[in-house]
Structures are given as structure tokens and as C-alpha cells.
Amino acid sequence: MNWQLNKIQYPVYNLGEGKRIGIWVQGCNLGCKGCVNKTLWSKKGGKSISVVDVFNWVASIQNDYDGITISGGEPFQQYKQLIAFLHLIKTKTSLTIHCFSGYYLIELQKQFHDKLFLKYIDTLVDGRYIEGQHENTNIKGSTNQSVYRIIDEIPVKENKTRASKKWSLNVSSENEIYMSGIPKKNELKILCNELVKVKIQKTFR
């Protein structure tokens with residue numbers, strides 16, 4: 001079974017607790033206005049890779065990490081691959097799982113009657129991104145979204161969330177810089193303007 005992924009970034013310190021491995025899936029048809037990851041909307045982008053291969057790689061470095069964070073794109077639009085991967089992680093490692101979804105929890109519960117995602121995910125951030133309700137905590141994108149701790153397969157909404165001011169940066173072997181985090185309002189615009197000043201060419205992929 002293959003999974004269409006955009007990138008894997010590690011270490012990531014700001015999308016969940018501790019030192020994490022970030023996985024971004026490719027493909028999303030929700031089309032939230034103001035989305036910072038529009039390049040992840042198309043199902044044709046990214047790379048097709050075996051779920052087992054991804055797991056084996058994660059397992060080989062698991063001792064250096066606290067958890068996995070899955071974002072996108074929309075992870076639940078590749079539900080079979082997502083659940084297969086989460087099952088392997090939860091049954092064969094001690095890593096925690098933090099997942100972002102543009103669907104609301106109630107939509108996920110109605111769409112996926114098996115509710116297996118509640119068995120495997122430790123923390124779920126749900127809901128469409130609403131540009132006019134942008135939030136600056138770096139934990140969720142907009143104020144309408146909710147953070148759930150899933151305890152014994154029961155989602156418990158967190159009313160207080162831990163704000164983070166961190167960005168995680170990584171440089172690839174092709175000298176590409178990858179950033180992870182939920183930007184504050186206008187933060188990306190400011191960053192792009194600063195890059196132009198020092199004559200650094202920017203592209204978003």
C-alpha cells in the first residue's frame with residue numbers, strides 16, 4: 001500500500017510536544033482560503049512511497065524522538081494509508097501521534113464509522129482554516145479549530161493550549177530550506193520581504 005507524501009521533516013519541535021518527526025501528506029480538496037500549503041492541494045504532487053517503508057525508516061530512528069506529527073494536505077483523504085501507518089506506529093513503537101485535519105471531529109466520526117483513528121491518535125487538531133479568525137499561538141491555525149487529547153478512544157477538548165513561538169528549520173541535501181510551524185498573521189509576508197532584501201530567491205513547494 002502506497003502513501004502519497006509531500007515531505008518528511010525532522011526534527012520538528014513546534015507541532016506537538018517534544019522532538020518529533022513531521023510527515024506532510026499530499027492532496028487536499030477542502031480549499032481553505034488563505035491556506036499556507038496550497039502546493040499540497042494537488043493529488044499529483046509529492047511522491048508515492050510504501051507505508052511499510054515509511055514505518056521502517058521511522059522505526060530505525062525512533063529512539064531519538066518523542067513522536068510523529070502528521071499534517072498536509074489532508075491526512076484523512078488517504079484514510080487507509082493513514083490507519084495502516086498509525087497501527088504500525090502504535091503497536092511497534094512508543095512514539096506519540098499528533099495529527100492535524102481540516103475536517104471537524106464530528107465529520108470524521110460520521111465519515112469513518114470504524115473510528116480507528118481514535119484508537120491510535122493521541123492529539124488531534126481539527127477544523128477548516130478560516131483566514132479571518134487566524135490565531136497566533138502556533139498550535140492551531142484559526143480560533144474555530146479545536147485541540148483534542150484522545151484518552152482511551154474518547155476525545156477530550158483542551159481549553160488551554162500551550163503557545164509556541166518556535167519555527168523548525170531544516171536544510172535538504174539540495175540546499176532547500178524547510179520550515180515547519182503555524183505562522184502568525186503576516187509572518188510569512190514579512191519573511192518573504194526580508195529575503196528579497198538580501199537577494200535570496202524564494203519559492204514555496
- Euclidean distance, Cys35 SG relative to Leu30 CG, rounded to 0.5 Å: 9.5 Å

- Note on the structure: To the nearest 0.5 Å, atom NZ of Lys33 lies from atom CD of Glu131 at 5.5 Å

- Does a sphere of radius 6.0 Å around CG in Asp114 hold more than 12 heavy atoms from other residues, nucleotides or ligands, not counting ones at 6.0 Å or beyond? yes

- Message: Within a 6.0 Å radius of atom NZ on Lys19, are there more than 12 heavy atoms belonging to other residues, nucleotides or ligands?
- Response: yes

- Message: Minimum heavy-atom separation for Ile121 and Cys99, please, with both atom names.
- Response: CD1-CB, 3.8 Å

- Task: Of all the heavy-atom pairs spanning Gly45 and Gln26, show the shortest one and how long it is.
- Result: O-CG, 3.2 Å

- Straight-line distance of Ile130 CD1 to Thr143 OG1, nearest 0.5 Å: 7.0 Å

- Task: Measure the shortest side-chain to side-chain distance between Tyr104 and Asn144 over non-hydrogen atoms and say whether it is less than 4.5 angstrom.
- Result: yes

- Heavy atoms, side chains only, cut-off 4.5 Å: are Phe55 and Thr93 in contact? yes

- Message: Do Gln4 and Gln78 have side chains that approach each other closer than 4.5 Å (heavy atoms only, starting at C-beta)?
- Response: yes

- Message: Please find the pair of heavy atoms, one from Leu116 and one from Tyr79, that lie closest to each other, and give the distance.
- Response: N-OH, 3.6 Å

- Separation between CG of Leu15 and CD1 of Ile139, rounded to the nearest 0.5 Å: 8.0 Å

- Lys157 atom NZ, over 12 foreign heavy atoms within 6.0 Å: no

- Query: Any side-chain heavy atom of Phe100 within less than 4.5 Å of one from Pro75?
  - Reply: no

- Message: Parallel, tilted or perpendicular, judged at 30° and 60°: which one describes the rings of Phe85 and Trp3?
- Response: tilted

- Closest approach of Asp66 to Gly18 (non-hydrogen atoms, all atoms of both residues): OD2-CA, 3.4 Å

- Member of His98, Glu17, Arg20 meeting the side-chain hydrogen bond (donor to acceptor under 3.5 Å, both in side chains) criterion with Thr69: Arg20

- Query: What's the shortest heavy-atom distance between Val12 and Gly22, and which atoms?
  - Reply: CG2-N, 4.1 Å

- Query: So, for Tyr148 and Pro155, which heavy atoms are closest and what is the spacing to 0.1 Å?
  - Reply: CD2-CB, 3.8 Å

- Item | Qualifying residue for side-chain hydrogen bond (donor to acceptor under 3.5 Å, both in side chains) with Tyr103, from Glu74, Gln77, Gln111 | Gln77

- Plane angle bin for Phe112 and Phe76 - parallel if under 30°, tilted between 30 and 60°, otherwise perpendicular: tilted

- Only one of Val147, Leu118, Ile150, Ile97 passes side chain to side chain contact (heavy atoms under 4.5 Å, CB included) with Leu124; say which it is. Ile150

- About how many Å separate CD of Gln9 and CD1 of Ile21, when rounded to the nearest 0.5 Å? 11.5 Å

- Query: Of the options Gln133, Glu107, Gln145, which is the one that meets Arg128 in a side-chain hydrogen bond (donor to acceptor under 3.5 Å, both in side chains)?
  - Reply: Glu107

- Query: Any Lys/Arg nitrogen of Lys90 or Glu153 sitting under 4.0 Å from an Asp/Glu carboxylate oxygen of the other?
  - Reply: no

- Message: Side chains of Ile89 and Val58, heavy atoms from C-beta outward: is any pair under 4.5 Å?
- Response: yes

- Distance from Lys80 atom NZ to Asn2 atom CG, nearest 0.5 Å? 14.0 Å

- If two hydrophobic side chains count as joined below 4.5 Å and joins carry through other members, does Met1 share a cluster with Leu5? yes

